Asks: 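The structure's right below; bear with me while I get my questions together.
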There are 2 protein chains.
Amino acid sequence: MDQDKLIAPKRHRRVTAQDVAEAAGVSRSAVSRAFTEGAYLDEEKRERVRDAALKLGYRPNALAAGLQGGRSHLVAIFVGDMRNAYDTEVVTRLVGALNAIQKWPILIDGGGLSSVKEAMGEVLRYPLDALILRSGSMDPAIARECTKLHIPVISSGRVLNHPQIDNVCCRNAQGSQAAAQLLLDRGRQNFGYIAGPLGYSSSSARQDGMMRALAAAGLAPVAIEAGDFTVESGFAAAERLFERARLDALLCANDAMAIGALGAARARGIDVPADLSIVGFDDISMARWPGINLTTVCNPIDIYADKVVELLSARLADPEKPSDVAYIDTHLVLRGTH
Amino acid sequence: MDQDKLIAPKRHRRVTAQDVAEAAGVSRSAVSRAFTEGAYLDEEKRERVRDAALKLGYRPNALAAGLQGGRSHLVAIFVGDMRNAYDTEVVTRLVGALNAIQKWPILIDGGGLSSVKEAMGEVLRYPLDALILRSGSMDPAIARECTKLHIPVISSGRVLNHPQIDNVCCRNAQGSQAAAQLLLDRGRQNFGYIAGPLGYSSSSARQDGMMRALAAAGLAPVAIEAGDFTVESGFAAAERLFERARLDALLCANDAMAIGALGAARARGIDVPADLSIVGFDDISMARWPGINLTTVCNPIDIYADKVVELLSARLADPEKPSDVAYIDTHLVLRGTH
DNA sequence: CACGCCTGTGCACACGTGTTCAGATACCCG
DNA sequence: CGGGTATCTGAACACGTGTGCACAGGCGTG
């Protein structure tokens with residue numbers, strides 16, 4: 001009956017539960033039970049099965065398990081642009097947090113990809129446990145499509161208003177309002193702002209926060225320029241600002257651009273922080289590097305990742321629960337540039 | 001016959017090929033063939049199937065496909081420590097390159113994980129198309145275990161001597177030899193070196209390269225200290241070096257530590273590059289930031305990622321091919337610190 | 001017409017697992 | 001000893017797909 005197998009042994013067949021069963025002298029069901037918590041199986045037999053499995057190098061095939069049971073334990077992380085330092089750090093923490101709860105993250109980098117939509121379509125062929133969006137400029141249509149497939153979506157960094165999408169978002173306005181207040185208290189009056197690209201809710205919310213603090217002091221920003229969240233664009237935007245106006249305070253939509261601005265200020269011989277205060281947003285790891293030492297608004301990454309995982313677990317436990325928005329508090333980190 | 005389904009409709013059943021078949025009035029096989037390139041199927045019928053599929057939101061289940069056919073299209077990337085800037089950049093490019101060829105990378109971060117071995121064991125339950133190691137200090141036992149499961153392993157950054165493991169590695173010694181020669185030509189004589197942790201082949205190879213260049217000039221390094229590849233450790237190591245000796249040239253095992261050293265030099269009032277040359281290794285994106293502008297040895301990341309994917313494709317095409325080592329050439333990037 | 005070739009189709013199997021179901025065995029209690 | 005219960009076990013099914021196989025028909029050629 002096993003003729004065919006003997007005649008044409010498959011290239012490199014995976015060790016299967018059947019093989020272990022034969023080696024241990026039990027039924028295949030018993031093998032399955034030996035690896036399932038809380039299943040009825042004689043202890044002695046279970047041990048025998050595990051020994052045989054170890055010897056043969058057997059591992060239950062996750063594809064088959066996922067096909068049969070409910071969960072695949074795969075989670076897709078869609079990240080808008082992995083060349084962005086903050087996004088990268090968030091992804092790093094997310095990967096760690098997911099690994100820790102035995103969920104396996106599949107990464108899709110929108111920044112390095114021409115046909116994002118197509119890639120998403122391919123990945124959605126896997127019955128994902130969840131999809132995590134990490135991106136300020138995600139096409140909401142994709143998110144909607146996922147909810148149609150009944151896979152949980154968690155949006156990070158941007159609140160998507162949809163009954164089935166959970167969100168994690170930091171209090172952007174509050175953060176930059178506090179930053180502006182800090183500089184106001186220090187006596188600064190001529191504010192500049194380096195914004196992110198249009199359409200990023202985080203950037204505009206942060207700008208609003210600053211405006212609110214300035215308005216309360218009867219002020220308005222002297223000049224505003226926009227970058228694309230990169231260091232280089234921050235450098236360029238700062239140069240344009242310095243050309244246009246004489247500032248003593250400069251707030252930036254994120255740390256990377258603040259670091260660029262810091263470089264531009266130094267190149268121009270402006271003394272930071274004596275003549276100019278620069279404050280970033282996010283508190284990426286480079287902000288604390290010697291030689292940068294940036295004063296910034298901390299957007300606590302660990303808490304961020306933990307919250308995402310927490311929301312994910314809750315959603316998996318109860319798929320029908322109402323959607324949730326977790327707001328993360330920021331706090332000022334006073335270093336050397338304010 | 002479908003009573004049970006009607007009585008107890010599964011929570012949210014995925015749309016299956018059977019559903020599409022019924023909607024389009026064809027057999028289930030026809031649906032499968034409609035999505036398979038090069039399968040015999042009437043063009044008109046294929047179109048009908050695709051219409052129905054689109055309407056129902058059907059996607060062939062990748063788990064089932066992977067179970068049945070050979071490939072799962074999943075690739076695991078094991079990265080030693082995602083908090084390392086260079087590793088992160090490599091991973092980013094790898095993710096992009098894999099996405100582009102429709103392979104879906106599962107990330108495992110050794111740095112954020114207590115039980116790496118266990119995590120690897122869990123992930124190996126998926127029949128991976130390949131495993132990519134990105135780490136200087138990977139336990140070779142894990143790699144060996146993978147080859148036993150007959151899944152291709154590609155090691156990046158460290159050459160593993162195993163008949164079934166492909167490798168991508170840059171010419172470390174050549175790179176730092178050239179860097180040392182650059183500084184020798186500039187008239188430097190008192191060399192210091194900041195090494196990585198013990199057991200990282202890349203660090204020791206880079207040190208060897210420097211030694212070779214110095215020896216050829218009848219010199220030897222004045223002082224050597226070690227860090228752990230982080231900026232902070234580079235800062236600390238440089239301070240120890242400055243305490244011990246008067247240097248005019250400082251080579252570092254990677255860019256992050258060089259950036260730390262640069263900060264330490266500036267904090268101490270040392271003029272770089274007038275009194276001290278600092279050269280890093282890797283050319284991470286921060287090396288070109290204004291305010292850092294680090295002279296370094298470029299370890300070209302794009303080529304790196306492309307080579308990995310190239311080796312991967314070759315290995316998948318012919319699993320029995322002899323193992324290969326792709327050496328990547330480095331080149332000096334002259335900026336402002338030499 | 002006979003024959004072979006090419007295109008198109010449905011049936012049935014294999015992939016490897018978790019779990020249900022019914023049956024078997026051991027055990028305790030009245 | 002009978003019967004109920006708790007524990008254990010194997011057969012069978014479902015999960016959803018890709019594909020080999022057999023077959024059907026159309027068409028061109030001798």
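So you know, we letter chains A, B, ... as the sequences are listed, proteins then strands, and number each from 1. The structure presented is a predicted model; accordingly, all values stated were derived computationally and were not measured.
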Asks: Side chain to side chain contact (heavy atoms under 4.5 Å, CB included) with B:C146: which of B:L133, B:L128, B:I151?
Replies: B:I151
Asks: Do B:L149 and B:L124 come within less than 4.5 Å of each other through their side chains, counting heavy atoms only?
Replies: yes
Asks: Would you classify A:T16 as touching base, sugar-phosphate or nothing, given that sugar-phosphate means primed atoms plus P, OP1 and OP2, and contacts are heavy atoms under 4.0 Å?
Replies: sugar-phosphate
Asks: If you pin B:Q68 and B:R125 to their nearest nucleotides in DNA chain C, which one's is more 5'?
Replies: B:Q68
Asks: Does A:R33 contact D:dG10 through a side-chain donor or acceptor facing the base, at a distance under 3.5 Å?
Replies: yes
Asks: Nearest whole angstrom, please: distance from the P of D:dG16 to the CZ of B:R59.
Replies: 16 Å
Asks: Between A:Y58 and C:dT17, is there a contact of a side-chain N or O with OP1 or OP2 at under 4.0 Å?
Replies: yes
Asks: Between A:K307 and A:D166 (salt bridge meaning N to carboxylate O under 4.0 Å), is one present in this structure?
Replies: no
Asks: Just to be sure I understand the rule, does A:T36 reach a base, reach only the sugar-phosphate, or reach nothing, if contact means heavy atoms closer than 4.0 Å?
Replies: sugar-phosphate
Asks: If I take atom CG in residue A:N61 and atom P in nucleotide D:dA14, what distance separates them, rounded to the nearest angstrom?
Replies: 21 Å
Asks: Can you measure A:Q18 atom CD to D:dA12 atom P for me and round it to whole angstrom units?
Replies: 13 Å
Asks: Assess whether one donor atom and one acceptor atom, taken from the side chain of B:R28 and the base of D:dG18, lie less than 3.5 Å apart.
Replies: yes
Asks: Give A:F35 one of three labels, base, sugar-phosphate or nothing, depending on what nucleic acid heavy atoms sit under 4.0 Å from its own.
Replies: nothing
Asks: Where the side chain of A:A30 is defined as all heavy atoms beyond and including C-beta, which of C:dT17, D:dG10, C:dG10 is the nearest nucleotide?
Replies: D:dG10
Asks: Counting only heavy atoms from other residues, nucleotides and ligands, does the tally under 6.0 Å from CD of A:E118 exceed 12?
Replies: no
Asks: What is the distance from CG of A:L67 to C1' of C:dC15, rounded to the nearest Å?
Replies: 9 Å
Asks: Quick check: do A:H73 and A:Q102 have side-chain heavy atoms less than 4.5 Å from each other?
Replies: no
Asks: Regarding C:dC11, can its base be found pairing with the side chain of B:S29 as donor and acceptor, where the two atoms are less than 3.5 Å apart?
Replies: yes
Asks: Round to the nearest Å and state the distance from B:H73 atom NE2 to D:dG18 atom C1'.
Replies: 12 Å
Asks: Considering every strand and a 4.0 Å limit on heavy-atom distances, what is the contact class for A:R71: base, sugar-phosphate, or nothing?
Replies: nothing
Asks: What's the CG-P distance between A:L63 and D:dT17, to the nearest Å?
Replies: 14 Å
